[in-house]
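Following: one structure in structure tokens, then a few remarks.
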Amino acid sequence: MLVSGVLFLVFVVAGFLVQVPYVAISPGPTYDTLGRDVAGNPVIQVKGQQTYDTSGELRMTTVSLNDGINLFTALGLWASGRYALAPREEYYKPGETNEQVKQENIQQLQNSQSNAQVAALRHLGYPVQVVAKQIVSGSPADHILAPGDKLVAVNGKQVREAGEVAASIVNTKPGDTVQVTFQHLGQPERTVPVTLAQRDDRTQGFLGLTAVDRAVAPFSVDISLQDVGGPSAGLMFTLAIIDRLTPPGKPGSDLAGGRHIAGTGEISETGQVGPIGGISFKVVGAKEAGATDFLVPEHNCAEAASAAPEGLNLIKVSTLDDALKQLDNLKAGRPTAHC
């Protein structure tokens, strides 16, 4: 009995003190991208351009992740039925700290916001430029180009989207010389020869820059949302920007039409809607927040359908134009593409 008691005590102490290599996942909070954040600021803030009132909600959804849990906490969360346990290594790289993960999520959110602005303004007809975002120190592009330079052509090919910069040198090899046409701070365009370098992670020539799309508009769009990370709010940010900037009666205005609509999906600068993680928890969180309809990336449809609460209409989307069309169908009472 003494030995059994000691072993039981050791088990209890270990259960409270020893962390398990798992994280607990549950539905997270939702945020109306047409509304205000927790500090009372509009989530979408447009300065220098008229905006328009809208009705209903366009809610982005999140997933809550609990890390650093002990055995008893893990068992309790799992038994509640609201949480799922997943190996920690699926969300944290070996040796990665919580702070590092937080910073990565913040960077992903910022990229998502940037993509949303470009996709929305591109859809609204504003011109889009390709600009240099980062220049690798010591690379062929270093001391020739600077962050913010407008890229016009690379290797004899016009670049209209950021992805075309890398595509233009796919068939090159180290030592090749390519012509780069660019514009620095509004100065006249220049064309300069650049000799490509070698890099171990690729066979083609290395230029040494990353490019992004930037919309050119006489106003600014800021997205205010605290304590949220990751790329999955991109679609809902994009829709909210379009909604705020579209006059009443025009296509793209009052997208929700008074309904409570939620959704998720990564957005590219050209309006492609990509799949995300945690969809089974996001549909639950959306329903609890009062949503009646949910925009689902096409590749997440099967998982969403298996977990969706009763009464939540799942709408399949694959592009921004697709999402706008489905919302128009919903508002007009026409059938929508269903998961």
query = Which value, rounded to the nearest 0.5 Å, describes the distance between Gln45 atom CD and Ile241 atom CD1?
reply = 11.5 Å
task = Return yes if a side-chain donor-acceptor contact under 3.5 Å exists between Ser253 and Thr246, otherwise no.
result = no
Atom pair CD (Gln272) and CG (Asp322), whose distance is rounded to the nearest 0.5 Å = 10.0 Å
key: Residues Arg214, Val212; criterion side chain to side chain contact (heavy atoms under 4.5 Å, CB included); working and verdict   = CA-CA 6 Å; Arg214 286 286 182 266; Val212 293; 3.5 Å; yes
message = What's the separation between atom NE2 in His184 and atom NZ in Lys150, rounded to the nearest 0.5 Å?
response = 14.5 Å
inquiry  = Can you confirm whether Arg190 is buried at CZ, in the sense that more than 12 heavy atoms of other residues, nucleotides or ligands lie under 6.0 Å from that atom?
reply    = no
ask   = Are any side-chain N or O atoms of Thr210 and backbone N or O atoms of Gln134, one a donor and one an acceptor, separated by less than 3.5 Å?
value = yes
query = Side-chain heavy atoms under 4.5 angstrom apart, residues restricted to Ile, Leu, Val, Met, Phe, Trp, Tyr: same cluster for Val152 and Val131?
reply = no
ask   = Looking only at side chains, do Thr61 and Thr30 share a donor and an acceptor under 3.5 Å apart?
value = no
task = May I ask you to check whether Ser224 and Asp37 show a side-chain donor-acceptor distance below 3.5 Å?
result = yes
task = Output, in order, the C-alpha distance, side-chain angles, deciding distance and verdict of side chain to side chain contact (heavy atoms under 4.5 Å, CB included) for Phe206 and Val136.
result = CA-CA 10 Å; Phe206 175 61; Val136 177; 4.1 Å; yes
Pro231: which of Gln113, Glu266, Gln110 passes side-chain contact (heavy atoms from CB on, under 4.5 Å) = Glu266
ask   = Can you tell me how far the CG atom of Asp149 sits from the CG atom of Leu185, to the nearest 0.5 Å?
value = 6.5 Å
ask   = Do Leu235 and Ile276 share a hydrophobic cluster, counting only Ile, Leu, Val, Met, Phe, Trp and Tyr and linking them when any side-chain heavy atoms are less than 4.5 Å apart?
value = no
key: Closest approach of Leu255 to Ile261 (non-hydrogen atoms, all atoms of both residues)   = O-CD1, 4.5 Å
ask   = Are Tyr31 and Phe237 an aromatic pair by the rule of ring centers under 6.0 Å?
value = no
message = How long is the straight-line distance from CG of Leu239 back to CD1 of Ile44, given to the nearest 0.5 Å?
response = 10.0 Å
request  = Please report the closest heavy-atom contact between Tyr126 and Gln49, naming both atoms and the distance.
outcome  = OH-NE2, 3.9 Å
query = Is there a side-chain contact between Pro297 and Ser232 (heavy atoms, below 4.5 Å)?
reply = no
inquiry  = Check for me, please, whether Leu320 and Val296 land in the same ILVMFWY cluster - side-chain distances under 4.5 Å, paths through other members count.
reply    = no
query = Closest approach of Arg36 and Pro42, non-hydrogen atoms and distance?
reply = NH1-CD, 3.3 Å
inquiry  = Side chains of Asn155 and Thr172, heavy atoms from C-beta outward: is any pair under 4.5 Å?
reply    = yes
request  = Take Lys47 and Asp222 through the side chain to side chain contact (heavy atoms under 4.5 Å, CB included) test and state the conclusion after the steps.
outcome  = CA-CA 8 Å; Lys47 299 178 182 178; Asp222 296 317; 4.0 Å; yes
ask   = Does any non-hydrogen side-chain atom of Val43 lie less than 4.5 Å from one of Leu34?
value = no
inquiry  = Any salt bridge linking Asp328 with Lys325? Criterion: basic side-chain nitrogen under 4.0 Å from a carboxylate oxygen.
reply    = no
inquiry  = Check this for me: does any side-chain nitrogen of one of Arg122 and Asp213 sit under 4.0 Å from a carboxylate oxygen of the other?
reply    = yes
request  = State whether a side-chain donor-acceptor pair under 3.5 Å links Thr51 with Arg244.
outcome  = no
query = Distance-only, no hydrogens or angles: does the Asp142 side chain make a donor-acceptor pair with backbone N or O of Ser139 under 3.5 Å?
reply = no
Where Lys287 and Ala291 come nearest, the two heavy atoms and their spacing = CD-O, 3.9 Å
key: Nearest heavy atoms of Ile267 and Ala119, plus distance in Å   = CG1-CB, 4.2 Å
query = Do you reckon Leu324 sits in the same ILVMFWY cluster as Val317, going by side-chain contacts under 4.5 Å, direct or chained?
reply = yes
ask   = Less than 4.5 Å apart, any side-chain heavy atom of Gln326 and any of Leu330?
value = no
ask   = Using a side-chain heavy atom cutoff under 4.5 Å and only I, L, V, M, F, W and Y, what cluster partners does Val130 have?
value = Ile135, Ile144, Leu145, Leu151, Val154, Val159, Val165, Ile169, Val178, Val180, Phe182, Val192, Val194, Leu196, Leu207, Leu209
query = Where do Gln158 and Ala153 come nearest, in terms of heavy atoms and distance?
reply = NE2-CB, 3.9 Å
query = Any donor and acceptor pair, going by atom type alone, linking the side chain of Thr181 with main-chain N or O of Thr191 inside 3.5 Å?
reply = no
ask   = Going by distance alone, is a donor N or O of one side chain under 3.5 Å from an acceptor N or O of the other, for Asp254 and Ser55?
value = yes
ask   = Going by heavy atoms in the side chains, are Val216 and Val128 under 4.5 Å from each other?
value = no
ask   = Would Leu312 and Met236 show up in the same hydrophobic cluster when neighbours are defined by side-chain heavy atoms closer than 4.5 Å?
value = no
ask   = Distance from Phe294 atom CZ to Thr264 atom OG1, nearest 0.5 Å?
value = 5.5 Å
key: Pairwise side-chain contact, Met60 with Asp32, heavy-atom cut-off 4.5 Å (strictly under)   = no
key: Crowding at CG, Asp200 (>12 non-hydrogen neighbours, <6.0 Å)   = no
task = Report yes if the side chains of Pro27 and Val63 come closer than 4.5 Å at any heavy-atom pair, otherwise no.
result = no
query = Going through the checks in order, is the side chain to side chain contact (heavy atoms under 4.5 Å, CB included) test met by Val273 and Ser318?
reply = CA-CA 5 Å; Val273 177; Ser318 57; 5.7 Å; no
query = Sub-3.5 Å donor-acceptor pair from the side chain of Ser114 to the main-chain atoms of Asn111, do we have one?
reply = no
task = Answer yes or no: is there a donor N or O on one side and an acceptor on the other, between the side chain of Glu57 and the main chain of Ala256, under 3.5 Å?
result = no
request  = Using a 4.5 Å cut-off on heavy atoms from C-beta on, say whether the side chain of Leu121 contacts that of Leu245.
outcome  = yes
